[in-house]
Protein chains: 2
Amino acid sequence: MASAESSAKLGGASRSVAQARTMRVAMELFAEHGVSATSYQMIADALGVTKAAVYHQFKTKNELIIAVTEMELSKLVDAMEEAESEQDPERAREVLLASVIDHAVDHREAAATLLFDPVIVRALSEHEPFQRFVERLYGTLIGEGATPKAQVRLAMLAIAIGGTVAHPLVAGIDTETLRTQMLDTARKFVDLPTDT
Amino acid sequence: MASAESSAKLGGASRSVAQARTMRVAMELFAEHGVSATSYQMIADALGVTKAAVYHQFKTKNELIIAVTEMELSKLVDAMEEAESEQDPERAREVLLASVIDHAVDHREAAATLLFDPVIVRALSEHEPFQRFVERLYGTLIGEGATPKAQVRLAMLAIAIGGTVAHPLVAGIDTETLRTQMLDTARKFVDLPTDT
DNA sequence: GTCTATAGAATGATAGAC
DNA sequence: GTCTATCATTCTATAGAC
């Protein structure tokens, strides 16, 4: 299975059904309240079990946070590898950009949490497999010239994709319109031709 | 004083010196750890006083959060009014955009917290004066045509400005370069001429 | 894998002295 | 404006039974 392989590459262990369900519910609560405002009790309540049952699946909160982050990042692993196999760097950027936007739009709630929650941001910068993955991702999107100008553009792009999908202004906009408009606007950032 | 007037327009009360110091310290901790991960104890420790002293200044945590948010938003009030007094809407967008980016770059830590922290986001959407202000701000930036396309663009712009300044990728980039590059890239969003 | 029960620390918040 | 002291509640985490 692709996602199992992907997980392995981020250092993730294989998960039981109960664990997977816990991770999904935890991610929803993280997105709504923020990571540190989400307690084991809240997760247990949402699952309909007791705190102790959740602790049986993830021994510490940090372990749970790593698992959830890894689950979300692994959704991009396949897209990354597909892009990296392209010969033309510009084509690689194009493929990856479209995938990243697809994922962001399809998981509107999760995207902003992954990018902005202080706890997740810390985990991302301290957990080595995550660091390497994010570097690969940015490397493909930014291409060769890592000038300050390109870096600022990439930062704006990453943030704009992840944050926009959760923004109140677009809450009423349907998925397809959002996807199309974001892709078009985002292409400007990476110097790809646009429709406008 | 301009900032006192501005505060008043957002519904803010006048603050004592001790209160102002508490708000500044609180904002720093909010930015580092997130709002809900920041306790009165942490704020008291950073100030070198006891919890009770902080409670004397702000009776509840919610009151403190509102005060801090109001303090940050009020920094944009003058810029908003200056922009609104412009005859030409395009010129108004131009002036406001430059001010917003200036403020974001000058308060790198605060910007992302204001836009993304779940607790602040909730406060922003539930506290009426904040709602009205944000609507005015977006209204000036978006101009007349509030089409889905324009809305997506505006959301991406708002997010990109607020989030970029705090992004790890630009941590090593000096303020002036960041300001210049962001402004240039951001102008594309609002259909203003760019240098590129 | 789930439960009850509990330990120990930290939380938001208050009362009253100085 | 700051302090000590305290309250009820919640938190992360563990032990042991089913």
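Quick note: numbers below take in every heavy atom, side chains included, and nothing from hydrogens, waters or symmetry partners.
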### Message
If I take atom OG from residue A:Ser74 and atom CE from residue A:Met80, how far apart are they, to the nearest 0.5 angstrom?
### Response
13.0 Å
### Task
Fit a plane to each ring of B:His107 and B:His103, take the angle between them on a 0 to 90° scale, and name the class: parallel (under 30°), tilted (30 to 60°) or perpendicular (over 60°).
parallel
### Task
Rounded off to whole Å, could you give me the CZ-to-P distance for the B:Phe58 and C:dG12 pair?
15 Å
### Euclidean distance, atom CG of residue B:Asn62 to atom C1' of C:dA13 [Å, nearest integer]
14 Å
### Query
Is there any ring-ring contact (aromatic ring centres under 6.0 Å, His included) pair reaching into residues 159-180 of chain A, and which pairs are they, with sequence neighbours excluded?
A:His167-B:Tyr138
### Task
Establish, with yes or no, whether the OP1 or OP2 oxygen of C:dT2 is under 4.0 angstrom from a side-chain nitrogen or oxygen of A:Gln57.
yes
#### Entry: Nearest-nucleotide pick for B:Ala52, side chain only, options being D:dT2, D:dT4, C:dG1
D:dT4
Where do N or O atoms of nucleotides 9-12 of chain D meet protein N or O atoms at under 3.5 Å, pair by pair?
residue : atom : partner : partner atom : Å
D:dC11  : OP1  : A:Ser39 : OG           : 3.0
D:dT12  : OP1  : A:Lys61 : NZ           : 3.4
D:dT12  : OP2  : A:Tyr40 : N            : 3.2
D:dT12  : O4   : A:Lys51 : NZ           : 3.1

### Under 4.0 angstrom between B:Thr50 side-chain N/O and D:dT4 OP1 or OP2
no
### Task
Measure the distance from CD1 on B:Ile43 to P on C:dA10 and round it to the nearest whole Å.
17 Å
### Query
Taking atom P of C:dG1 as reference, at what distance in whole Å does atom CG of A:Leu47 sit?
13 Å
### Task
For residues A:Glu94 and A:Asp88, determine if any side-chain heavy atom of one lies less than 4.5 Å from a side-chain heavy atom of the other.
no
### Task
Specify the separation, in whole Å, of atom CZ of B:Arg15 and atom P of D:dG1.
12 Å
### Along DNA chain D (nearest heavy atom to each residue), the more 5'-positioned of B:Val54 and A:Lys59
B:Val54
### Query
Are side-chain N/O atoms of B:Ser99 and B:Asp102 paired as donor and acceptor at under 3.5 Å?
no
### Message
I'd like to know if the side chain of B:Asp117 and the backbone of B:Val35 have a donor-acceptor N/O pair within less than 3.5 Å.
### Response
yes
